[in-house]
Each structure stands twice: as structure tokens, then as C-alpha cells.
Protein chains: 2
Amino acid sequence: MAEKVKRRKTQAKTAIVDILKQSTQAMTHQDIELALDGLCNRVTIYRVLDRLVKEDLAHKLVDVDGVTKYLACRDCGENHLHHHVHFSCEQCGELTCLYHVVPKFTLPEGYHLSEVNFTVRGDCPKCSATSSAAE
Amino acid sequence: MAEKVKRRKTQAKTAIVDILKQSTQAMTHQDIELALDGLCNRVTIYRVLDRLVKEDLAHKLVDVDGVTKYLACRDCGENHLHHHVHFSCEQCGELTCLYHVVPKFTLPEGYHLSEVNFTVRGDCPKCSATSSAAE
DNA sequence: CTCTTAATGCAATTGAGTTGCAAATATCTT
DNA sequence: AAGATATTTGCAACTCAATTGCATTAAGAG
């Protein structure tokens with residue numbers, strides 16, 4: 001029942017993984033398309049990203065504003081479920097993982113957890129340093 | 001600078017507020033359109049919802065899968081920022097507020113918080129009771 | 001009742017993401 | 001190295017949520 005698909009190492013896949021790995025923040029499809037500079041078709045990017053997610057090489061996450069972004073799996077191991085906080089900067093728009101910030105909470109009786117998405121909006125260190133030096 | 005706009009109480013707005021208030025869960029644009037049963041245009045629904053959010057009568061939130069949903073402001077006061085957990089059921093698809101579940105966490109130096117979006121996926125009490133009685 | 005302007009309806013548009021299908025190419029076999 | 005086979009890709013067309021411009025309608029203040 002669990003179809004085993006033989007994955008292939010293609011030019012597009014290699015390039016996309018490289019791009020994702022080089023970024024410290026989550027990237028949109030558009031970001032990646034731009035970085036690839038015409039190396040492959042738009043549709044291919046979508047398909048490669050889907051595959052990467054299936055292979056646990058990348059995370060797909062939705063920002064507070066509904067924008068879908070992708071992130072290379074890095075320190076992922078027990079962190080794979082992203083129980084940590086994602087920080088979404090209101091100024092520069094960056095979406096980053098705060099691997100060490102893991103919220104504590106308890107679900108009421110009857111709720112069963114399978115996945116978590118914690119996103120915090122605000123100003124990142126870079127931006128809050130620049131804009132509100134005197135606050 | 002802070003433009004004061006005179007809001008009007010219209011048929012569409014009243015109907016939409018009523019629908020949202022009667023729902024215990026967050027609703028999509030489509031849910032609302034269905035409930036309105038042709039009372040007004042699709043576009044009007046979008047515009048009314050935008051207004052409701054601006055007036056703090058409703059919340060706009062994005063589910064883990066990127067679907068935008070709306071929720072009437074209810075117990076909102078200090079809760080307005082939605083520091084509590086939203087629960088998104090994988091089976092029935094409901095997105096509800098767990099007002100009493102407020103995660104504890106500490107942001108690293110330099111990060112300034114303005115808004116929070118905590119969404120937890122899994123099975124809600126209703127669904128986990130139905131499907132996995134013997135778990 | 002009249003006037004001002006917010007709100008609405010309609011048609012057209014944008015943009016993200018998907019799908020079907022034929023052509024290209026990665027990988028396995030011999 | 002050549003051939004077989006199934007995965008990947010490109011292309012064009014499509015879906016679906018959401019937005020926009022503009023003319024018309026209707027709140028609600030005076």
C-alpha cells in the first residue's frame with residue numbers, strides 16, 4: 001500500500017536544495033524562482049518542493065498572513081515537528097526558526113496533538129535595532 | 001493621520017455578524033457565503049469582513065494549511081491578541097479557540113513581539129471519541 | 001426630504017497553485 | 001555502452017481565492 005517511489009537526483013532538485021540550504025530564512029516559491037533565474041519551469045519548482053517535503057528535506061510552512069514558505073531541514077531531528085517558535089518580522093518580512101524557543105502548554109482533556117504551528121510576529125533584532133534606537 | 005471613517009449598519013454587515021456570532025468555530029469566506037444564501041455579492045462579503053476586522057468585531061486567522069478563516073470577537077478583551085491556542089481538527093476541519101490554553105515562552109534578546117498565532121493540529125474531543133474509541 | 005459618501009454589485013483581473021499530456025532524462029539492466 | 005523503464009520536466013490550460021475599478025444604491029446626518 002505504501003508505494004515506494006524511486007526518487008531521482010535532478011538538476012532542478014539539486015539547485016533548489018542548495019538555495020534553500022543557503023538561506024537562513026523561509027523562502028516563498030517566488031523567492032526560489034528568482035534565485036533559480038530560469039533554470040527550470042515554475043511548475044517544476046512546485047513539484048520539487050512537494051517532493052522535498054515528502055522526503056523530509058524541507059518544511060512547508062504558512063506565515064501569519066497566509067503566505068506559504070519553504071525551509072531546508074537543518075537541525076531537524078526531534079525538532080522536525082517544529083514545536084519551536086517561528087518568528088515573522090513585520091518590517092523585513094523574514095520568517096525564521098527560533099529552535100530554542102519551545103512554548104509550554106497543556107491541552108484540555110480529549111484533544112490529541114499531532115502537529116504544531118507557532119508563529120510570533122513582531123520586530124526581529126536587526127529591524128528593531130535599526131528603526132527604534134530611542135524607544 | 002488616523003482617518004476616521006463613518007461606518008454604516010447595513011443589511012449585509014448585520015447578517016454576517018450574526019452568522020459569525022452563531023458559529024462556535026472559525027468560518028471561511030465560503031462558509032459565510034453559503035450561510036448568507038445569496039443575500040449579497042461575494043465581493044461584499046470580503047469587504048464586510050475586512051471592515052469587521054478593522055473594527056475589532058472579528059478576527060482573521062490563517063489555518064495551518066493556509067486557509068483564511070474568520071471568527072467573531074467574543075471573550076475578547078485582553079484576549080484580543082489571541083495569545084491562546086487555536087485548535088485545528090484534522091478530521092472535521094474545525095478551527096476553534098482554546099481561550100484557556102496560553103503557551104508560556106520567552107523570546108531571545110532583541111525580539112519584540114506584537115502578535116501571536118498559535119495553532120495546534122490534531123483530533124478534537126468529538127472526533128477522537130468517534131474514531132479511536134479503543135486507543 | 002435632501003445631500004453626502006459609505007457600501008454594494010458587476011465584470012474583469014491578479015496571482016498562487018494544480019493538472020494532463022507529450023517530451024526529456026535519470027537510473028537500472030544486460 | 002546501449003536499451004528499457006519510470007521519474008521528471010515543460011508547456012498550456014485551468015481552478016480558486018481574493019482584489020480592483022467603476023457606476024449605482026442606500027445609510028444616516030442635517
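Keep in mind the model is a prediction, meaning the values are calculated, not measured. So you know, we letter chains A, B, ... as the sequences are listed, proteins then strands, and number each from 1.
Mapped onto DNA chain D by nearest heavy atom, A:Val43 and A:Arg51 fall at different nucleotides, with A:Arg51 at the one closer to the 5' end. Residues A:Arg47 and B:Ile45 both approach DNA chain C. Their nearest nucleotides, taken by heavy-atom distance, put B:Ile45 toward the 5′ side. Residue order along DNA chain D, read from the 5' end via each residue's closest nucleotide, puts A:Thr44 first among B:Gly66 and A:Thr44.
Taking atom NZ of residue B:Lys60 and atom P of nucleotide D:dA17, one finds them 14 Å apart after rounding to whole Å. For the pair A:Gln11 CD and C:dA24 C1', the interatomic distance rounds to 12 Å; values are reported in whole Å. Rounded to an integer number of Å, the gap from B:Glu33 CD to D:dA18 P is 11 Å. Counting to the nearest Å, the C1' atom of C:dA16 and the CG atom of A:Asp65 are 14 Å from each other. Atom P of nucleotide C:dA6 and atom OH of B:Tyr46 are separated by 24 Å, given to the nearest angstrom. As a whole-Å value, the separation of B:Leu52 CG from C:dA7 P is 11 Å. Rounded to whole Å, the distance from CG on A:Leu49 to P on D:dT9 is 11 Å.
Between A:Asp123 and A:Glu90 there is a side-chain heavy-atom pair separated by less than 4.5 Å. Taking 4.5 Å as the limit, some side-chain heavy atom of B:Thr14 sits within range of a side-chain heavy atom of B:Lys9.
The number of heavy-atom neighbours closer than 6.0 Å to CD of A:Gln11, taken from other residues, nucleotides and ligands shown, is 12 or below. Within a 6.0 Å radius of CD in B:Gln30, no more than 12 heavy atoms belonging to other residues, nucleotides or ligands are found.
OP1 or OP2 of C:dT8 has not a single side-chain nitrogen or oxygen of B:Asn41 nearer than 4.0 Å. One finds no side-chain N or O of A:Thr68 lying less than 4.0 angstrom from the OP1 or OP2 phosphate oxygen of C:dA16.
When distances run from any side-chain atom of B:Gln30 to the nucleotides C:dG9, D:dT9, D:dA17, the shortest one goes to D:dA17. The side chain of B:His29 lies closest to D:dA18, out of C:dG9, D:dA18, C:dT18. Considering only the side chain of A:Val48, D:dT9 comes nearest among C:dA7, C:dC10, D:dT9.
Aromatic pair A:Tyr70/A:His59: ring centres not closer than 6.0 Å.
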Go through B:His86 and B:Phe118 one step at a time and tell me if the ring pair (Phe, Tyr, Trp, His ring centres under 6.0 Å) criterion holds.
CA-CA 6 Å; B:His86 298 147; B:Phe118 286 161; 8.8 Å; no

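Between A:Tyr99 and A:His84, the ring planes lie tilted relative to each other; the angle falls in the 30° to 60° range.
Within residues 13-21 of chain B, no residue is approached by DNA chain D to less than 4.0 Å at the level of any non-hydrogen atom.
Looking only at atom types and distance, the side chain of A:Arg121 has no donor-acceptor partner in the side chain of B:Ser114 under 3.5 Å away.
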Please list, for nucleotides 27-29 of chain C, all pairs of protein and nucleotide N/O atoms separated by less than 3.5 Å.
from	atom 1	to	atom 2	distance (Å)
C:dT27	OP1	A:Lys9	N	2.9

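A salt bridge between B:Glu94 and B:Lys69 is absent, with no side-chain N of the basic residue lying under 4.0 Å from a carboxylate O of the acidic one.
With hydrogens and angles left out, the side chain of B:Arg42 and the base of D:dA18 share a donor-acceptor pair within 3.5 Å.
Residue B:Val64 is found outside any hydrophobic cluster, as its side-chain heavy atoms come under 4.5 Å of no other Ile, Leu, Val, Met, Phe, Trp or Tyr.
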